[in-house]
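To keep things clear, I will list the structure first and then write my remarks on it.
Chain identifiers are assigned alphabetically (A, B, ...) following the order of the sequence lines, protein sequences preceding nucleic acid strands; residue numbering begins at 1 within each chain.
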Amino acid sequence: MASLQPVRGTHDILPDEIRRHRHIAAAGLRVAEGYGYGEMATPIFEFSEVFSRTLGDSSDIVTKEMYSFEDRSGDAITLRPEGTAGIVRALISGGLSQHLPLKVFYQGPMFRYERPQKGRLRQFHQMGVELLGVAEPIGDIEVIAMAAQVLSELGILGATTLELNSIGDTESRTAYRKALVDYLSAYREKLSKDSLARLERNPLRILDSKDAADRKILEKAPLLSDYLNAESAEIFAAVCAGLDRLGVAYQLNPRLVRGLDYYCHAAFEFTSETLGAQGTVLAGGRYDSLVATMGGPDTPGTGWAAGIDRMALMLKDMPMEKRPVAVIPVSSSMEAEALRLSQELRHDGFAVDLGYRGNLSKRLKRANKLSAAAAVLLGEDEMAKGSVTLRDLDTGEQEVIALKNLQARLSAFH
RNA sequence: GCGGGUGUAGCUCAGUCGGUUAGAGCGCCAGAUUGUGGAUCUGGAGGUCGUGGGUUCAAUUCCCAUCACUCGCCCCA
């Protein structure tokens, strides 16, 4: 067992669980298409530069979490740690900026070299949307409303809270950063070690420190919202008003910041209490400077990403999969006919389980375990008259029915 | 990357103050039932006690290391 195990932080996704994943991704795509977004897939690896340039040097993702390697030609390659950078790279290298606004949905595995725990894996799955080329607040509103709808259709919106904040434009943020650093510098002695390091590197991050002493100090710290310039404040007010109009509930959280450097203005997170330390289910925000940072034409963007594995943990009721029909030869002489009939029914669109062996009793047991809706019993006596026995596995009632009427009768079970 | 906890059957877990054949429930397989499932009864298979090393006459049990999971931190979906 020790010698043959999956790489740390990865695991096999068995049929039961992958059904949840598909259900989630399908809901995401369905909702996104309703907003006019199309699915797009970018490679799961890129030149390392794509990520190191976009995520920002202060990000831990870049400094210690990237799955990077050199390929045979000596190129520095990184398994994607998130989805936005690849989409933006595609926008630039594929000339997609000719077709703005670009509205895309994506979904797939991401990789981060982190210490695994519940809801945090080294290979995990995200889905997300990006809206590029729309600077207006209506873009943020649309994207957030879409997120709420996805969660709602999955039945987990009620288990989450939407937290919302604005981190303003660069001017606002710079002013605030200075005020915050000035304030916190007075408490250098009392700050936690982590926060002290962040004071130099990424002071805004101190705002969501979980350290008790830090939190106490932060109670009287200046608020980001007080440092938004007029334009930033107006933009944020418009976003809030739009969400109000759509009935999307949110909670303002002045301490909400973003981990990645490229965000500005509206930042949001749907969080849940049920996931332990990894409370964030879906998160996003605006990133107006990202495309230009990567060398593309100045293009505003907004979007979000959601953790599929995390949502799967929250998903309680899975819709029943298509219940199969069991085709059962009563005696071995009927096996050939059972095979033929199964094939016919499958071509007609039924999910058919043809047990591979066993007597009638065994096969019925198996059908029961598969939660088959009905069993078609092929017995010699009925077959001689061109009939089969159809058994309703929920009620136990059965009837003899002519083969030619079977398909129509079976349809009633679905 | 840092700190704590846990690793015994497919799953959930007992147990061994170090001592002969390591247990239960669920699940699985078979029989009772060679043309009738869900219930019940009977029987069976399945374990290098995570891995490696140390101490010992003897280690699944004690010690160390390591790996994995888990809780928290960092960070993040």
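Side-chain nitrogen and oxygen atoms of A:Gln117 include at least one within less than 4.0 Å of the OP1 or OP2 phosphate oxygen of B:G72. In this model, the phosphate group of B:C73 is approached by a side-chain N or O of A:Lys210 to a distance below 4.0 Å at OP1 or OP2. The side chain of A:Arg112 places no N or O atom within less than 4.0 Å of a non-bridging phosphate oxygen (OP1 or OP2) of B:C76. Within the 4.0 Å cut-off from OP1 or OP2 of B:G37, not a single side-chain nitrogen or oxygen of A:Arg391 is found. Between A:Ser361 and B:G37, a side-chain N or O to OP1/OP2 separation shorter than 4.0 Å is present. Close to B:U70, at under 4.0 Å from its OP1 or OP2, lies no side-chain N or O of A:Arg115.
Between the side chain of A:Glu382 and the base of B:G35, at least one donor-acceptor pair of N or O atoms lies under 3.5 Å. In this model, no side-chain donor or acceptor of A:Arg198 finds a partner on the base of B:C75 within 3.5 Å.
In this structure, A:Leu14 reaches neither bases nor backbone, as no heavy-atom distance under 4.0 Å exists between it and the strands shown. At a threshold of 4.0 angstrom between heavy atoms, the contacts of A:Leu393 include nucleobase atoms, whether or not backbone atoms are also involved. Backbone-only contact: A:Ala283 has heavy atoms under 4.0 Å from sugar-phosphate atoms and none from a base. Using a 4.0 Å heavy-atom distance criterion, A:Val281 is classed as a sugar-phosphate-only contact. A:Asp381 comes within 4.0 angstrom of a nucleotide base, judged by non-hydrogen atoms across all strands. Counting non-hydrogen atoms under 4.0 angstrom, A:Glu114 reaches a base of the nucleic acid. Contact annotation for A:Leu377: base contact, defined as any heavy-atom pair under 4.0 Å involving a base atom. A:Arg310 comes within contact range of at least one nucleobase, with a heavy-atom separation under 4.0 Å. Counting any heavy atom pair closer than 4.0 Å across all strands shown, A:Gly119 reaches a base atom. Among the atoms of the strands shown, none is found under 4.0 Å from any heavy atom of A:Asn359. Note on A:Gly358: nothing from the nucleic acid sits closer than 4.0 angstrom, heavy atoms only.
Within the shown strands, nothing qualifies as a pairing partner of B:A77 under the Watson-Crick or G-U definition with both distances less than 3.5 Å. The pairing partner recorded for B:G23 is B:C13, the criterion being a Watson-Crick or G-U wobble arrangement whose two distances lie under 3.5 angstrom. Partner assigned to B:A39 is none, using Watson-Crick or G-U wobble distances below 3.5 angstrom. Base pairing of B:C28: its partner is B:G44, meeting the Watson-Crick or G-U wobble criterion (both donor-acceptor distances under 3.5 Å). In a base pair of the Watson-Crick type (N1 to N3 plus N6-O4 or O6-N4) or a G-U wobble (N1-O2 and O6-N3), with each distance short of 3.5 Å, B:C69 is matched with B:G5. In this structure, B:A59 makes no Watson-Crick or G-U wobble pair, since no nucleotide meets both defining distances under 3.5 angstrom.
Taking for each of A:Lys362 and A:Thr10 the nucleotide of RNA chain B with the nearest heavy atom, the 5'-most of the two is the partner of A:Lys362. Where A:Leu121 and A:Tyr113 meet RNA chain B, the nucleotide closest to each residue was compared, and A:Tyr113 sits on the side nearer the 5' end.
When the C1' atom is compared between B:C49 and B:U8, the two are found 4 Å apart, to the nearest whole Å. When the C1' atom is used for both B:G47 and B:A22, the distance is 9 Å, rounded to whole Å. For the P atoms, the distance linking B:A14 with B:U55 amounts to 32 Å, nearest Å. Taking the C1' atom of each, B:U12 and B:U6 are spaced 15 Å apart, rounded to whole Å. Between B:C62 and B:C76, the distance separating the two C1' atoms is 41 Å to the nearest Å. For the P atoms, the distance linking B:U40 with B:C26 amounts to 9 Å, nearest Å.
The environment of A:Tyr113 atom OH is sparse: at most 12 non-hydrogen atoms of other residues, nucleotides or ligands sit within 6.0 angstrom. Shown here is A:Phe69, whose CZ atom has more than 12 heavy atoms of other residues, nucleotides or ligands within 6.0 Å.
The pair A:Arg89-A:Glu46 counts as a salt bridge, with a side-chain nitrogen and a carboxylate oxygen less than 4.0 angstrom apart. The pair A:Glu399-A:Arg409 meets the salt-bridge criterion, with a side-chain N (NZ, NE, NH1 or NH2) lying under 4.0 Å from an Asp/Glu carboxylate O. One finds no salt bridge joining A:Glu219 and A:Arg215 here, because no Lys/Arg side-chain nitrogen approaches an Asp/Glu carboxylate oxygen to under 4.0 Å. Of the charged side-chain nitrogens involved, none lies within less than 4.0 Å of a carboxylate oxygen, so that A:Glu65 and A:Arg80 do not count as a salt-bridged pair. Ion pair A:Asp169/A:Arg173 not flagged as a salt bridge, since none of the NZ, NE, NH1 or NH2 atoms sits closer than 4.0 Å to an Asp/Glu carboxylate oxygen. A salt bridge does not link A:Arg20 with A:Glu17: none of the charged nitrogens is closer than 4.0 Å to a carboxylate oxygen.
Atom CZ in A:Phe270 sits about 14 Å away from atom P in B:A77, given to the nearest Å. Rounded to an integer number of Å, the gap from A:Tyr263 OH to B:C75 C1' is 14 Å.
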